[in-house]
Amino acid sequence: MTDIWVVVAVIGAGTMLIKAAGPLTLGDRPLPARVQSVVALLAPALLAALVATTTFGSGQELIADARVIGVAVAAVALLFHAPVLLVVLLAAGAAGVARLLGVG
Amino acid sequence: MAEPSSPPIRFELRRGAVTALPLAVAVGLFGVSFGVLSVTSGGMGALPAMVMSATTFAGSAQFAAASILAGGGQPVAAIAAALLLNARYLPIGVSVARFMTGGPADRFAKSQLVVDESWAIAARGEGEFDAGRLIGAGVVLWLAWVGGTIVGVIGGEALGDPATLGLDAAFPALFLALLASQLASHRTMVAAVLGGTIALALTPFAPPGVPIIAASSAALIGLLRR
């Protein structure tokens, strides 16, 4: 039982420090231009990685299931400039329907 | 209260919260699923699960730690997996640092509301982030995650696993929608394609968490001359 509390405490404290590290050490000082041009690309790089892994990832495996259908529907909705809220709802709905129909 | 919050900040807070609402439903149901998992045989138990959701506030890391413990794994392995999965919050934290105001305690508190979804909602493109939107979304998502965990812990196995149907497709859809709004220049497209490719290529070989951290290296193309 104590083991579990050690795990909870270390993961909690560790995660808090990881999240706070940037905001606490960098402050609101402007970064050097070269560093800023790297930081500006972090969002697209990380977002694309999140799209890829949350669409195809299943542990250490890559699989194609109903999520792919949901994301494809989201992509079409985005082409028609649908608002974010609608995109998310359409994706969840499409994947849910696909799963009910036994696809993926 | 040193200064009353000006209307634009309140507006952005509300905007972040509203954008996060449909995700809060999905996050809440995954929280239920985490709570249920924790009170089934071999789980970490009700109180540790609730404390973990409130303090760690990171779904994938918590599921990883819980499943390692449930499988009889070592505590060290559970800690390593969770912290590795959360290491992406280091570059993510760096990206939002410039937009957080206030003293150290303020910044520490605000940084705790950073999760993938709140960060993505706060992104305005060109490396700009809105702190108000991040906080509004973060609070809503935290309430959903912790509330869901509590419901799962109390409801236990009677609830079953709600994390089926199409909820898991909500997350890539949000990330895709926000990525689409970021693709303003040729450079951001190259960084995105590179980041996605690195993450997929490493997934079968690297421990969970590493592919996404490695994908952040795609941002180094920012060092190239235009």
Side-chain angles (χ1 to χ4, degrees), chain A residues 3-8 10-12 14-16 18-24 26-28 30-31 34 36-57 59-62 66-67 70-71 74-75 78 84-85 87-89 91-96 99, chain B residues 19 22 44 48 51-52 55-56 58 65 75 78-79 82-83 86 89-91 93-95 97-98 100 104 107-108 111-112 114 116 123 126-127 165-180 182 188 191-192 195-196 199-200 203-204 211-212 215-216 218-220 222-223:
Chain A
D3 269 2
I4 284 174
W5 282 111
V6 170
V7 170
V8 170
V10 174
I11 292 175
T15 302
M16 284 182 174
I18 290 170
K19 285 185 178 177
L24 281 183
L26 294 175
D28 43 17
L31 294 165
R34 283 168 71 81
Q36 184 49 38
S37 58
V38 171
V39 171
L41 292 177
L42 278 175
L46 284 165
L47 280 171
L50 286 167
V51 171
T53 55
T54 54
T55 303
F56 298 106
Q60 273 182 269
E61 273 178 89
L62 295 176
R67 290 174 297 176
V71 174
L78 285 168
V84 175
L85 195 84
V87 170
V88 170
L89 293 175
R99 225 162 250 160
Chain B
T19 312
M44 65 169 66
V51 171
M52 195 183 220
T55 57
T56 301
I79 291 169
L83 292 184
N86 283 342
Y89 288 123
L90 209 53
V94 168
S95 74
R98 203 155 57 88
M100 287 194 178
R107 306 170 78 86
F108 181 87
S111 69
Q112 298 312 308
V114 176
D116 297 327
E126 308 276 308
L165 252 47
L167 286 170
D168 48 358
F171 298 101
L174 170 77
F175 298 134
L176 184 67
L178 296 153
L179 175 62
Q182 298 265 321
T188 53
L200 284 184
T203 296
I212 292 178
S216 64
L220 290 174
L223 292 175

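Residue numbering restarts at 1 for every chain, and letters A, B, ... go by the order of the sequence lines. This one's a predicted model, so the numbers in the text were calculated from it and none came from an experiment. Below, all heavy atoms of this structure are taken into account, side chains as well, without hydrogens, waters or symmetry copies.
Residue contact with chain B, scored on non-hydrogen atoms closer than 4.5 Å, involves the side chain of A:Leu62 exclusively. With a 4.5 Å cut-off on non-hydrogen atoms, A:Leu89 touches chain B through its side chain but not through its backbone. Both the backbone and the side chain of A:Leu50 have a heavy atom closer than 4.5 Å to some heavy atom of chain B. Using a 4.5 Å cut-off between heavy atoms, B:Ala123 makes no contact with chain A at all.
B:Gln112 contributes atom CD, which lies 11.0 Å from atom OH of B:Tyr89 (distance to the nearest 0.5 angstrom).
Of all the listed residues (A:Pro44, A:Ala52, A:Ala94), the one sharing the greatest number of non-hydrogen pairs under 4.5 Å with chain B is A:Pro44. Between chain B and the residues A:Gly14, A:Ala45, A:Ala74, the most heavy-atom pairs under 4.5 angstrom are made by A:Ala45. Here A:Gly22 is the residue among A:Gly22, A:Gly93, A:Gly57, A:Ala21 with the most heavy-atom pairs under 4.5 Å with chain B. Of the listed residues (B:Ala65, B:Ala169, B:Ala199), the one with the most heavy-atom contacts under 4.5 Å to chain A is B:Ala169. Top candidate by heavy-atom pairs under 4.5 Å with chain B, chosen from A:Ile18, A:Val7, A:Val10, A:Leu46, is A:Ile18. Between chain A and the options B:Ala173, B:Pro204, B:Pro104, heavy-atom pairs under 4.5 Å are most frequent for B:Pro204. Counting heavy-atom pairs closer than 4.5 Å to chain A, the top-ranked of the candidates B:Thr19, B:Leu179, B:Leu174 is B:Leu179. Residue with the most contacts toward chain A among B:Ile212, B:Asp116, B:Thr56, B:Val94: B:Thr56 (heavy-atom pairs, distance under 4.5 Å). Chosen from A:Leu24, A:Leu47, A:Thr55, the residue pairing most often with chain B at heavy-atom distances under 4.5 Å is A:Leu47. Residue with the most contacts toward chain A among B:Ala215, B:Gly195, B:Ala180: B:Gly195 (heavy-atom pairs, distance under 4.5 Å).
Taking 4.5 Å as the limit, every side-chain heavy atom of B:Pro75 sits out of range of all side-chain heavy atoms of A:Val6. Using a 4.5 Å heavy-atom threshold, the side chains of B:Thr55 and A:Ile11 count as separate. Contact annotation: the side chain of B:Val114 approaches that of B:Met100 to within less than 4.5 Å [non-hydrogen atoms, C-beta and beyond]. Inter-residue side-chain proximity for A:Phe56 and B:Thr203 is flagged as unmet; no heavy-atom pair is nearer than 4.5 Å. Residues A:Arg99 and A:Arg67 form a side-chain contact, since some pair of their non-hydrogen atoms from C-beta on lies under 4.5 Å apart. Counting only heavy atoms from C-beta outward, the side chains of A:Ile4 and B:Met44 approach each other to under 4.5 Å. The shortest side-chain heavy-atom distance between B:Pro48 and A:Trp5 falls under the 4.5 Å cut-off.
When every heavy atom of A:Ser37 is checked against every heavy atom of B:Gly222, the shortest pair comes out as OG-O, 3.1 Å.
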